[in-house]
Amino acid sequence: MTFVRLGYVAMSLKVPNSSPSQTMTIKNFSKIENENAAILKLERITRSNLHNTLRILRHNAAHDIQFYRMTSRLVPLATFEGLPDWDYMAAIVDSLEEIGKFVAEKEMRVDFHPDHFVLINSPKNEVLKMTVKTLILHKRLLEGMNIDPKHRCVLHIGGVYGDRVLALERFIQNWMLIPTSIQNMIILENDDKSFHFEDTLYLCEKLGIPLVFDYHHHLAHHENKHWEAQWDRIVNTWSPSPLPVKMHISSPKNEKQFRAHSDFVDVEMFMDFLNEIKGSVDQIDCMIEAKRKDEALFKLMKDLKQYDHIEINDGASFYIK
DNA sequence: GGTCGTCAAGGGGTG
DNA sequence: CACCCCTTGACGACC
């Protein structure tokens with residue numbers, strides 16, 4: 001028997017006007033003549049993003065959803081080079097604490113997936129520098145919420161740069177340049193066109209990083225179709241982690257745009273996965289990456305009811321026998 | 001009130 | 001090297 005919790009990404013389609021990713025671009029920032037006023041606007045937007053994050057978490061709690069990926073755009077321009085000194089933490093400590101308190105009280109799992117320009121295996125020094133800077137921002141936000149940053153940030157391996165094997169080795173080289181406290185935050189996901197799960201497993205086992213298995217990505221890009229033969233190794237990468245094994249589930253938009261995400265998760269595709277792994281772990285957290293966000297989660301829970309060996313626990317978790 | 005181009009940031013592919 | 005594509009959501013200019 002395996003206990004499964006579902007989560008979703010960044011925004012709710014059920015809570016009205018609750019965007020946690022409102023933003024301000026550097027162009028707009030520069031348009032405001034009074035720099036103080038511009039900073040105040042930035043702070044207002046940031047606090048609104050945090051407030052909406054809390055509203056979404058309350059909505060999650062009301063529907064027994066314990067798993068949620070926060071947006072990485074909570075603090076616009078936080079890592080932008082050349083912005084006048086802005087102590088963004090000072091303006092948001094209270095909001096962060098409030099979120100953290102709620103998360104702890106409801107025993108939720110929250111994490112981040114920094115954007116695609118956060119990558120560790122880049123040959124460009126500047127890119128690596130920005131990567132570390134952005135990860136430090138994530139660490140501060142988590143610490144502000146009193147959440148242990150360990151294994152809270154999902155990343156991809158990065159680019160191929162013409163030589164996949166070399167690119168993997170460069171990941172290892174660059175990894176050694178990253179502060180341990182930042183390394184500890186990271187978990188790695190197989191992607192849909194460059195690095196399949198065996199590449200990812202190679203790095204994860206070598207460097208002691210948990211592997212987030214993305215089933216959709218695997219179907220889109222693999223050398224060896226049979227992931228299930230290696231599943232125990234994937235599970236093993238989580239043994240040093242305080243958190244349960246985590247995976248990503250989404251469905252192709254259509255045959256032609258296979259890599260694009262569909263509105264909802266195909267329940268049969270999800271069951272194919274679950275039937276392979278049931279019993280192999282006590283618990284697994286599944287992050288739904290569908291266009292319809294929490295609506296897709298609710299629909300999936302509904303679709304799961306038809307299976308006899310699924311026992312619904314509450315609104316967003318179940319047992320599979 | 002709806003539509004569409006733009007946005008700080010990377011990488012891949014094409015010609 | 002130049003250019004466009006991917007991808008995500010939000011914003012804001014414009015009609």
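Each chain gets a letter, A, B and so on, in the order the sequences are listed, and its residues count up from 1.
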Return whichever of A:Met130 or A:Pro123 has its heavy-atom-nearest nucleotide of DNA chain B closer to the 5' end. A:Met130

Per A:Phe80 side chain, nearest of listed nucleotides C:dT7, B:dG11, B:dA8: B:dA8

Rounded interatomic separation in angstrom, taking CZ from A:Arg69 and P from C:dT8: 11 Å

Sidechain-backbone polar pair: A:Asn190 side chain, A:Asp214 backbone, donor-acceptor under 3.5 Å: yes

Between C:dT7, C:dA10, B:dG12, which nucleotide has the shortest distance from any of its atoms to the side chain of A:Tyr161? B:dG12

Tell me: CD of A:Gln22 to P of C:dG12, nearest whole Å? 10 Å

Quickly work out the A:Phe117 CZ to C:dT7 P distance and round it to whole Å. 16 Å

Could you let me know what C:dA2 is paired to, Watson-Crick or G-U wobble, both distances under 3.5 Å, or none if it's on its own? B:dT14

Within the 4.0 Å heavy-atom criterion, would you say A:Arg259 contacts the bases, only the backbone, or no part of the nucleic acid? nothing

Reckon A:Asn28 touches a base, only the sugar-phosphate, or nothing at all at heavy-atom distances under 4.0 Å? sugar-phosphate

It should be established whether A:Lys124 places a side-chain nitrogen or oxygen under 4.0 Å from OP1 or OP2 of nucleotide B:dG11. yes

Taking only N and O in the side chain of A:Ser122, is any of them less than 4.0 Å away from OP1 or OP2 of B:dG11? yes

Could you tell me whether the side chains of A:Ser12 and A:Ser18 share a donor-acceptor contact shorter than 3.5 Å? no

Indicate, with a heavy-atom threshold strictly under 4.0 Å, whether A:Thr134 touches base, sugar-phosphate, or nothing. nothing

Interatomic distance, A:Phe29 CZ vs C:dA10 C1' [rounded to whole Å]: 19 Å

I'd like to know if A:Lys246 and A:Asp111 make a salt bridge, using a cut-off of under 4.0 Å between side-chain N and carboxylate O. yes

Does the Lys NZ or Arg CZ of A:Arg170 fall within the cation-pi geometry relative to A:Tyr161 - under 6.0 Å from the ring centre and within 45° of the axis? yes

Interatomic distance at P, B:dG2 relative to C:dT8, whole Å: 24 Å

Please determine whether a side-chain nitrogen of the Lys or Arg among A:Asp285 and A:Arg5 lies less than 4.0 Å from a carboxylate oxygen of the Asp or Glu. yes

Return the nearest nucleotide to the side chain of A:Thr25; candidates are C:dA10, C:dT7, B:dC7. B:dC7

Of the listed B:dG11, B:dA8, C:dG9, the closest approach to the A:Lys27 side chain comes from B:dA8

Categorize A:Lys31 for me: base, sugar-phosphate, or nothing, with a 4.0 angstrom heavy-atom threshold over every strand shown. sugar-phosphate

In whole Å, measure the gap between the C1' atoms of B:dT3 and C:dC6 for me. 22 Å

To the nearest Å, give me how far apart CD1 (A:Ile136) and P (B:dA9) are. 21 Å

Between CG of A:Asn49 and C1' of C:dA10 the distance, given in whole Å, is 11 Å

Between C1' on B:dG12 and CZ on A:Phe195, what's the gap in Å once rounded to a whole number? 12 Å

With respect to the side chain of A:Leu119, which nucleotide from C:dT7, B:dG11, B:dA8 is positioned closest? B:dG11

Check whether NZ of the Lys or CZ of the Arg A:Lys293 lies under 6.0 Å from the centre of the six-membered ring of A:Tyr8 and within 45 degrees of that ring's axis. no

How long is the line joining CZ of A:Arg73 and P of B:dC7, in whole Å? 15 Å

Which whole number of Å gives the distance between the P atom of C:dT7 and that of B:dG13? 14 Å

Indicate, with a heavy-atom threshold strictly under 4.0 Å, whether A:Ser19 touches base, sugar-phosphate, or nothing. sugar-phosphate

When the P atoms of B:dA8 and C:dG12 are considered, how many whole Å apart are they? 12 Å

For A:Lys291, report the nucleic acid contact type (base, sugar-phosphate, nothing); a contact means any heavy atom under 4.0 Å. sugar-phosphate

For A:Lys293, which contact category applies under a 4.0 Å heavy-atom criterion: base, sugar-phosphate, or nothing? sugar-phosphate

If pairing requires Watson-Crick or G-U wobble contacts with both distances under 3.5 Å, which nucleotide is the partner of B:dC4? C:dG12

Euclidean distance for P, B:dG11 against C:dG9 (whole angstrom): 22 Å

At 4.0 Å (heavy atoms only), tell me whether A:Val118 reaches a base, stays on the sugar-phosphate, or touches nothing. nothing

Under-4.0 Å salt bridge between A:Lys253 and A:Asp263: no

Touch class at under 4.0 angstrom, heavy-atom based, for A:Leu77 against every strand present: base

